[in-house]
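So you know, we letter chains A, B, ... as the sequences are listed, proteins then strands, and number each from 1.
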Protein chains: 2
Amino acid sequence: MSIQNLIASVNERLTPTELRIAEAVLDDPMLLTFGTVSALAERAGTSRASIVRFATKLGFEGYSELQKSVRDGVSQQLTSPSHRVRHQDGPTAPIQFEIENAMHQAFEVLDDTCLRAMADPIVVAPNIWILSGETSMAGAHALYSGLSMTRPNVRLIQEHATGRELCGALPGDVAVVFDFARYRKNAVIAARTLSDLGVTIVAITDGPLSPLSSLTEIRCELKIPAVGPFDSSVPAVIAAELLVAEVVSELRDEARNRIDRLEVFWQATGTFLNYGPRPNRDA
Amino acid sequence: MSIQNLIASVNERLTPTELRIAEAVLDDPMLLTFGTVSALAERAGTSRASIVRFATKLGFEGYSELQKSVRDGVSQQLTSPSHRVRHQDGPTAPIQFEIENAMHQAFEVLDDTCLRAMADPIVVAPNIWILSGETSMAGAHALYSGLSMTRPNVRLIQEHATGRELCGALPGDVAVVFDFARYRKNAVIAARTLSDLGVTIVAITDGPLSPLSSLTEIRCELKIPAVGPFDSSVPAVIAAELLVAEVVSELRDEARNRIDRLEVFWQATGTFLNYGPRPNRDA
DNA sequence: GTGGACTTGTAACAAACTGTACAATATAAT
DNA sequence: ATTATATTGTACAGTTTGTTACAAGTCCAC
C-alpha cells in the first residue's frame, strides 16, 4: 500500500503535529524516502519523537520500518519492467530467456535520446569507420551493410589491416567501435588513437567498465548474454539496426535516393532472383 | 553526471577491489541509493574503508557525498514525468514488437530436432563452407566466428570470390547457406552447384518458397522483420548462435580443447585487455 | 479549580554510521 | 634479493541515528 493511502486511512485520528508531518511527507515524498528522523522533524517543525510516534500510528514498528516500506516501493518503480519479470519459472530455454532479457534491455537503453546522439555525428561526418573485434563482427557487419546502403564513405576495418586502412581517417570523421568484454586490445588502441586524432568515437559496448566508455559519451551499453561458450551478438546487431534506421530517418530523401540508385544497380546486374515479396520500404 | 558515466570516466584507474565495488554498484544501483557503507562492503566482499576510498576516487568528499549525488539523480528521475512514460511507447516500439515476434518464432522453429538435424552434418564434415548474400552477412559472420572457434576447416565465402574459394569443396562437405527474400542469385546458384557436387546443404532461409528449400531438407525457415527500410539480421544471428551452441555440445571435449588452445593463443598474443569478468564458459 | 486523559518536547542512550590513521600484505622495480 | 610503491583490511574516533522514558503543557468535564 502506498504511503498516500496509508496516511489517508488514518487521517482522522491524527493529532495537529502529526497532521503537519503528514503534510510535509505528502508535499515532498523524497523526505521520507531519503531523509532522517531529524530532517523530517525540522521540516515539519516538530521534534524527532513525534516523527517516530507518527510512524507507529501508521502501523509500523518505528520510523526505520516505515522508511524501508517506502524505499521498497521506490525500488520497484525504478527497476525496469524487464527486471521485474526476471524471476519467472520454467527454465526450459534458459538461452532464449537470456537473449530475450538482453533484448529488452537493449531496447530500453537504445531510446530516442541515445539513438539520436549516436546517429547525429554519423549523418554529418565525411567518413565513417567501423571497428570491431573479430568475435563481435556480426554487429559491425549489420551496421556496415545498412550504413553503406544509406550514405557514402562507410568502411569496415578488418583487424589485420587496422593501420593501413585507418591512416586515411581525418578530424571530423566518425568511428563506430564495437567491443565487449574481454576487450580487444587492437580495437581499444585503435579507438584511442582515432580519438586523439580528433575523430568522434561512437561506442557500442557493454558497460561503464569498458575502456571505450572512458573515451566518449556517445555510446550505448548493452547486456551481452552467453549462448553456450560464446557471447551473443544479438544485442550488438539490434543496436546496429536501430542505429541504421535512425540515420535513415534523419537523412530522409538523401538516403532514399541512394537506396533507389542501389536498387537500379541491383536490377541491372541481376543480383536477385526476385522471388517472394519485396522488403518493406515504407518505414 | 550519472553514476555510470562517473565510473566510466575512471574505470581504467580502478584497483581490483574497486572494480568489484563498481560491478556491485552497476549490478544493483539501489545498493548505492539506499545502502550503507557496511552493506555495500559486504556485497562487494571488501572492507568499509575501500568503499570510502572508492567514493573519493570518484571525486567525492566521502561516501555520504557520493550517496547524496546518486539520490539527487533518483529524485529527479522520480519527479520527472518522462520516467513514467518512458517504457510505454516510442518510435522503436513497433520495431521492438516485430523483432520480438520474429524472435519467438525463431526459437520455436529452432527446436531440438531442427538444431540437431543441422548440427549433425556440421560435426562430421571435413570442410564447412559458409555462404551468404552481402546483405545478410551478420548471421553468416556469427556462425563463422563461432564455428571456427569450435572446429577446423570452416570458411566464410565472400561473394566476389565464390568460384575461386569453392573450387576446393568435396563430396561429404557441408555448406551452410544464408539467404532471404529477395534471394541472391549468386548464393542460390552456388548452393545448387555444391549440392550437385555432393555437398550437404544446410539452409537458413525464410520459408518454403525459398529456392534453397527445394535443395535440402536440412533447413530452418525464419520470419524476417523489417527495421526501417532494411531487413533485420537478428533471426539469422540467433539461428547461427543456437547452431553453434548445438555443435559445441555435440563435439564436447573436442570443441572444449580447441577453445582452450585458442585461449592459450589469445593469452600469448595479448589479444585482450582482460578487464572485467570473463565470459561464461560453463554452459 | 481540580483531576484525568491526551499531546508534545527534552533528554538520555545504545546502536550504527562515516571517515581516518595505521599496519599488513601484495606487487613492481632495481 | 631488496627496496619502494600500491593496495587492502583493522581499529578507533567522532557523529548521527532511531528509540524510549519522562516531564511539561493543554484541554475538557465536573
Side-chain angles (χ1 to χ4, degrees), chain A residues 3 6-7 10-25 28-74 209, chain B residues 3 6-7 10-25 28-74 267 270 273-277:
Chain A
I3 181 66
L6 220 50
I7 291 177
V10 296
N11 64 8
E12 308 203 29
R13 290 173 26 231
L14 291 178
T15 68
T17 346
E18 287 167 346
L19 212 72
R20 282 211 313 282
I21 299 172
E23 281 166 11
V25 165
D28 181 6
M30 290 302 125
L31 260 173
L32 199 48
T33 317
F34 296 134
T36 66
V37 171
S38 313
L40 226 175
E42 190 179 359
R43 168 65 176 268
T46 179
S47 67
R48 293 188 307 208
S50 293
I51 304 295
V52 177
R53 279 191 285 263
F54 175 75
T56 62
K57 191 166 245 176
L58 288 179
F60 296 96
E61 203 64 42
Y63 178 78
S64 306
E65 208 184 305
L66 164 61
Q67 188 174 54
K68 182 182 176 308
S69 160
V70 172
R71 286 181 173 182
D72 285 349
V74 170
L209 292 179
Chain B
I3 181 67
L6 221 50
I7 292 178
V10 297
N11 68 13
E12 305 197 62
R13 285 172 32 229
L14 292 179
T15 67
T17 310
E18 287 166 344
L19 213 71
R20 281 208 316 278
I21 300 172
E23 282 165 13
V25 165
D28 181 6
M30 289 304 125
L31 222 71
L32 196 49
T33 317
F34 294 136
T36 65
V37 169
S38 312
L40 227 176
E42 191 180 356
R43 169 65 176 270
T46 179
S47 67
R48 297 198 301 260
S50 293
I51 304 293
V52 176
R53 279 190 286 262
F54 176 74
T56 62
K57 190 167 251 181
L58 256 52
F60 297 97
E61 204 63 42
Y63 178 79
S64 305
E65 207 185 307
L66 163 61
Q67 189 175 52
K68 181 180 177 307
S69 160
V70 171
R71 287 180 171 182
D72 285 349
V74 170
Q267 294 285 351
L273 287 178
N274 279 321
Y275 285 146

Can you pull out the residues from residues 43-51 of chain A that lie within a 4.0 Å heavy-atom distance of DNA chain C?
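The stretch gives A:T46, A:S47, A:R48, A:A49, A:S50 as the residues lying under 4.0 Å from the strand, ordered by number.
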
Could you tell me how far apart [X] ([atom1]) and [N] ([atom2]) are, to the nearest whole angstrom?
X	N	atom1	atom2	result
B:E42	D:dG9	CD	C1'	16 Å
A:F60	D:dG18	CZ	P	15 Å
A:F34	D:dG18	CZ	P	15 Å
A:Y63	D:dT19	OH	C1'	14 Å
B:R20	D:dG9	CZ	P	7 Å
B:R53	D:dT7	CZ	P	10 Å

Using a 4.5 Å cut-off on heavy atoms from C-beta on, say whether the side chain of [Y] contacts that of [X].
X	Y	result
B:L31	B:V25	no
A:D28	A:R43	yes
B:F54	B:L14	yes

B:S38 versus B:R48, closest heavy-atom pair with distance:
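Closest approach of B:S38 to B:R48: OG-CD, 3.2 Å.
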
Return the minimal non-hydrogen interatomic distance between A:I21 and A:S50, and the atom names on each side.
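Smallest heavy-atom distance, with atoms named: CD1-O, 3.8 Å.
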
Taking any heavy-atom pair under 4.0 Å as a contact, classify A:V52: base, sugar-phosphate, or nothing.
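Counting heavy atoms under 4.0 Å across all strands, the contact made by A:V52 includes a base.
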
Per the salt bridge (charged side-chain N to carboxylate O under 4.0 Å, His left out) rule, what does the pair list look like for residues 30-39 of chain B, sequence neighbours excluded?
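Found none.
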
Which sits closer to the 5' end of DNA chain C, A:E18 or B:V37, going by the nucleotide each is nearest to?
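Nearest-nucleotide comparison on DNA chain C picks A:E18.
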
Going 5' to 3' on DNA chain C, which nucleotide is the first and which the last to come under 4.0 Å of a heavy atom in chain A?
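First and last nucleotides in contact are C:dT7 to C:dA12.
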
Residue-phosphate contact under 4.0 Å: B:T15 side-chain N/O, D:dT8 OP1/OP2
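Yes, because at least one side-chain N or O of B:T15 sits under 4.0 Å from OP1 or OP2 of D:dT8.
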
Report, as yes or no, whether the 6.0 Å neighbourhood of atom CD on B:E65 holds more than 12 heavy atoms from other residues, nucleotides or ligands.
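Counting neighbours around CD of B:E65, more than 12 heavy atoms of other residues, nucleotides or ligands fall under 6.0 Å, so yes.
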
So does B:L32 get a backbone contact from the side chain of B:Q67, meaning a donor-acceptor N/O pair under 3.5 Å?
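Such a contact is found between B:Q67 side chain and B:L32 backbone.
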
Tell me if a side-chain donor or acceptor on B:R20 pairs with a main-chain N or O of B:G45 at a distance below 3.5 Å.
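Confirmed, B:R20 side chain pairs with B:G45 backbone.
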
